[in-house]
Amino acid sequence: MSEQNTNSESLPFRAETRQLLNILIHSLYTDHEIFLRELISNASDALTRMNFEMLTNREILDPEAELGIWITTDPAARTLTIRDTGIGLTRSEMEENLGTIAHSGAKAFMQAAKNQESADLSNIIGQFGVGFYSVFMVADKVEVASHSFNKSEPSAEWVSDGQETYSIHEYDKPDRGTKITVYLKEDAAEFTDENRIRQLIKRHSDYVAFPIYVGTSTEQVNRQTALWRQNSQQISVQDANEFYKQFTMDQKEPLTYTHLAVDAPVQAYALLYIPAVAEHYLYTPRKQDGLRLYARKVLIQDYFRDLLPEYLRFIQGVVDSEDLPLNISRETIQSNRLLMQLKKLVTSKTIDMIRKLSEEKPDTYIEFWNLFGRYLKEGVASDFADYDNLVPLLRFHSLHHPTDLISLETYLSERRPGQQQIYYLLGEDEHSVVHSPHLDVVRQRNLDVLLLTDPLDSFMLLALKQYKDIPLVNVSDRDADLGEAAQPSDQQTQPVSEEVKTNLISRFSAQLGSKVAEVRTSDRLIESPARLVDTENSPAQEIQRVYQLMNQPLEVPRKVLEINPRHSLLVKLASLPADSDLAPLLIEQIYEDALLIEGLHPDPADMIGRIQQIMAAALK
Ligand SMILES: Nc1ncnc2c1ncn2[C@@H]1O[C@H](COP(=O)(O)OP(=O)(O)OP(=O)(O)O)[C@@H](O)[C@H]1O
């Protein structure tokens with residue numbers, strides 16, 4: 001295109017940008033002040049990129065200019081101007097970046113807008129970083145004048161009223177960076193008040209890494225200091241939490257945090273946080289996993305994933321090291337010894353923070369466990385190096401503690417005299433698992449059993465075989481060692497003739513045929529008429545479940561049906577005549593009940609017909 005016809009051009013906003021603008025301008029959202037946070041954050045990004053460019057390139061416009069942000073207001077003209085000496089925008093970058101939605105938060109916002117049926121999106125605007133366009137909540141018109149750091153690029157200006165179009169034209173701005181002039185709406189005149197601006201900077205942008213000046217004063221308003229570089233004693237909980245909120249834009253305070261400041265084996269500072277919301281919370285702008293990494297105060301990467309093992313990906317925070325080379329983001333962790341040392345440090349500090357939380361604030365730890373416990377289980381299953389430190393942090397529901405959570409240590413401290421095992425039971429959900437027939441004899445012996453109903457528990461059990469040399473034993477194993485019976489119940493001591501046993505076994509076997517591997521009687525059942533157990537050669541239950549969860553083909557091995565010949569149902573069943581119509585129905589139902597309780601029934605609704613037949617017989 002020739003110079004003349006590019007001199008000033010009017011261009012339409014992209015459809016989704018128009019939609020976003022429309023929502024922002026017409027929403028009833030009242031917290032308009034967030035526009036300033038967004039503009040400052042963009043200026044800070046532009047300065048960070050400038051800083052990085054300057055490490056290798058001195059052929060830039062205004063190499064000596066101070067890296068900073070200046071905000072001025074003009075109450076008479078009702079304008080606010082924000083200027084930075086960042087990387088700037090070329091004309092084509094204006095077209096590319098200010099005509100479409102680039103911002104991750106804005107994209108997420110539009111996604112939520114699409115999913116939300118009601119038109120009232122106003123209450124979620126503040127929870128997103130909606131980026132540059134939020135300025136149109138307070139502006140009738142916006143001018144963005146900019147000169148790129150690239151000397152050969154001419155300066156230009158972008159102008160829009162936030163309606164259908166924007167225009168770009170030549171503009172003489174000799175110095176590097178961007179100057180945004182906001183023509184405030186009548187009801188946004190408050191933002192011409194310098195004191196109000198100072199207050200907003202303190203609230204939302206205190207830790208921006210470049211100085212922010214307001215009006216003609218040369219005193220910077222934000223505290224700017226890298227909080228993590230201060231002495232631990234100097235950092236108050238309030239400051240640390242405030243930094244977290246500005247950093248993640250999370251509205252909730254973190255559950256806890258820790259500060260790292262070490263000189264050896266590698267120099268490093270870090271502030272590490274456990275959020276109060278689970279990962280990938282829809283409205284959190286920091287959506288990706290990873291820590292923010294600085295090397296010698298230069299931001300290297302916003303989401304650096306190699307400083308923590310995969311299972312600790314929910315941790316948020318900042319890490320800063322004087323020792324790392326600035327091109328670190330291009331290196332792999334294996335090839336860099338320093339990075340490996342740093343990862344080790346950050347990981348052990350993080351685990352330590354979790355341990356301390358468990359010891360010092362048990363109630364908050366339960367909150368933590370409910371949000372992130374699964375990640376620790378993943379760690380136990382996958383991370384050999386941290387295994388020993390993670391196992392004491394595990395928490396469980398158990399038969400004796402169905403509502404509270406206990407550690408393995410507590411389990412051991414409460415075990416029965418002489419108990420040499422830690423018992424567990426795998427199940428589908430906490431509600432049904434307590435009805436399991438495998439618990440009959442356990443209850444009678446007053447043993448506690450860990451109730452493992454989370455799909456991840458099976459993965460965890462592949463690694464967790466014992467704790468302090470005491471083995472974990474599945475109570476549903478056919479021959480699980482459950483110690484000595486304390487006092488057999490009256491029912492258990494009732495004699496059952498071999499004839500009755502044989503009669504029952506042959507009836508069940510004839511009726512169920514190849515559906516079961518074997519039918520046998522058991523002394524381990526008290527309240528329950530029957531249970532299913534694995535045959536001797538079957539793979540362990542956790543392995544079966546892991547295969548199922550990974551959708552790997554592993555045929556569920558046929559089970560052994562163990563029946564309780566003393567159970568009143570079976571006693572009556574044994575006395576039914578050989579040609580009884582009811583006996584086959586009862587046998588099928590007892591078998592399917594056992595399938596159901598194991599979570600193995602393929603189609604429970606299928607039982608309804610039979611249950612009705614049994615009810616009809618009962619009413620006769
Ligand atoms: N002060 C500025 N200096 C240079 N470029 C800017 C400035 N303000 C905005 N931009 C450009 O406009 C783009 C759009 O800004 P917007 O706030 O909508 O999203 P974003 O900042 O890219 O999103 P994110 O915060 O997720 O990186 C930016 O990516 C940047 O390229």
Side-chain angles (χ1 to χ4, degrees), residues 11 13-14 16-21 23-24 34-54 60-62 65 67-72 80-111 125 127-139 142-150 153 155-160 162 166 168 171 173 175-182 204-205 208-212 246-249 283-288 290 292 299 301-303:
L11 297 157
F13 283 112
R14 288 272 183 87
E16 55 176 4
T17 313
R18 264 209 313 276
Q19 215 180 332
L20 173 65
L21 283 166
I23 293 170
L24 289 173
I34 59 154
F35 87 94
L36 190 67
R37 172 189 83 188
E38 300 293 331
L39 294 186
I40 291 176
S41 152
N42 282 347
S44 166
D45 287 349
L47 288 159
T48 301
R49 291 170 63 195
M50 191 65 249
N51 209 1
F52 201 78
E53 185 70 32
M54 282 161 77
I60 54 170
L61 183 64
D62 296 345
L67 294 175
I69 299 168
W70 289 261
I71 299 175
T72 53
L80 175 143
T81 304
I82 167 167
R83 178 173 74 82
D84 66 67
T85 45
I87 201 154
L89 287 156
T90 65
R91 183 176 187 130
S92 62
E93 283 166 351
M94 286 177 173
E95 202 168 308
E96 215 170 287
N97 299 328
L98 300 179
T100 52
I101 301 185
H103 196 288
S104 47
K107 259 191 200 151
F109 176 79
M110 289 309 292
Q111 199 53 46
I125 289 178
Q127 300 173 31
F128 286 91
V130 276
F132 171 74
Y133 304 106
S134 60
V135 70
F136 287 105
M137 293 193 299
V138 296
V142 177
E143 292 169 354
V144 181
S146 195
H147 198 150
S148 163
F149 74 99
N150 186 340
E153 289 284 347
S155 52
E157 188 180 58
W158 179 101
V159 184
S160 178
Y166 60 90
I168 302 180
Y171 181 86
K173 181 178 185 299
D175 52 329
R176 186 190 74 218
T178 304
K179 184 176 101 176
I180 300 178
T181 308
V182 182
H204 299 298
S205 312
V208 165
F210 300 91
I212 306 175
Q246 292 192 16
F247 167 66
T248 58
M249 295 200 202
Y283 302 145
T284 316
R286 259 188 93 71
K287 279 204 183 303
Q288 288 185 41
R292 183 181 281 182
L299 176 65
Q301 214 165 298
D302 228 341
Y303 303 99

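Predicted, not measured: the structure shown is a model, and the values here were computed from it. Positions are given from 1 along the sequence. Remember, it's 1-based here, ligands and their atoms both numbered in the order they're listed.
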**Student:** Below the 3.5 angstrom mark, is there an N/O of Phe132, backbone or side chain, next to an N/O of ligand 1?
**Tutor:**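 Looking only at distances, the answer is yes, because the N/O contact criterion of under 3.5 Å is met.
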**Student:** Are any side-chain N or O atoms of Arg292 and backbone N or O atoms of Asp302, one a donor and one an acceptor, separated by less than 3.5 Å?
**Tutor:**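 No, because the side chain of Arg292 does not come within donor-acceptor range (under 3.5 Å) of the backbone of Asp302.
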**Student:** Select the closest option to atom 14 (C) of ligand 1 among Thr90, Thr178, Asn97, judged by heavy-atom distance.
**Tutor:** Asn97
**Student:** Residue-level breakdown please: for Leu98 versus ligand 1, do any non-hydrogen atoms fall below 4.0 Å on the side chain, on the backbone, on both, or on neither?
**Tutor:** side chain
**Student:** Below 3.5 angstrom, do we get any N/O pair linking Asp45 and ligand 1?
**Tutor:**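 Among all N and O atoms of Asp45, none is under 3.5 Å from an N or O of ligand 1.
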**Student:** Go through it in stages, so that I can follow the logic: the residues are Val208 and Ser44, the test is side chain to side chain contact (heavy atoms under 4.5 Å, CB included), and I'd like the CA-CA distance, side-chain angles, deciding distance and then a yes or no.
**Tutor:** CA-CA 7 Å; Val208 165; Ser44 166; 3.7 Å; yes
**Student:** With side chain to side chain contact (heavy atoms under 4.5 Å, CB included) as the criterion, how do Leu89 and Leu98 come out once you've worked through the C-alpha distance, each side chain's angles and the decisive distance to 0.1 Å?
**Tutor:** CA-CA 10 Å; Leu89 287 156; Leu98 300 179; 4.1 Å; yes
**Student:** For Leu89, counting its heavy atoms only, list the atoms of ligand 1 lying under 4.0 Å from any of them.
**Tutor:** 4 (C), 5 (N), 6 (C), 11 (C)
**Student:** What part of Ile180 sits under 4.0 Å from ligand 1 if we count only heavy atoms: the side chain, the backbone, both or neither?
**Tutor:** neither
**Student:** Ile71 and Ile40: side chain to side chain contact (heavy atoms under 4.5 Å, CB included), yes or no, with the steps?
**Tutor:** CA-CA 9 Å; Ile71 299 175; Ile40 291 176; 4.0 Å; yes
**Student:** Determine whether a donor-acceptor pair (N or O, by modelled atom type, separation under 3.5 Å) exists between the side chain of Thr81 and the backbone of Thr181.
**Tutor:** no
**Student:** Can you say whether the rings of Phe132 and Trp158 are parallel (under 30°), tilted (30 to 60°) or perpendicular (over 60°)?
**Tutor:** perpendicular
**Student:** What atoms in ligand 1 come closer than 4.0 Å to a heavy atom of Ala46?
**Tutor:**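 Atoms satisfying the 4.0 Å criterion: 3 (N), 4 (C).
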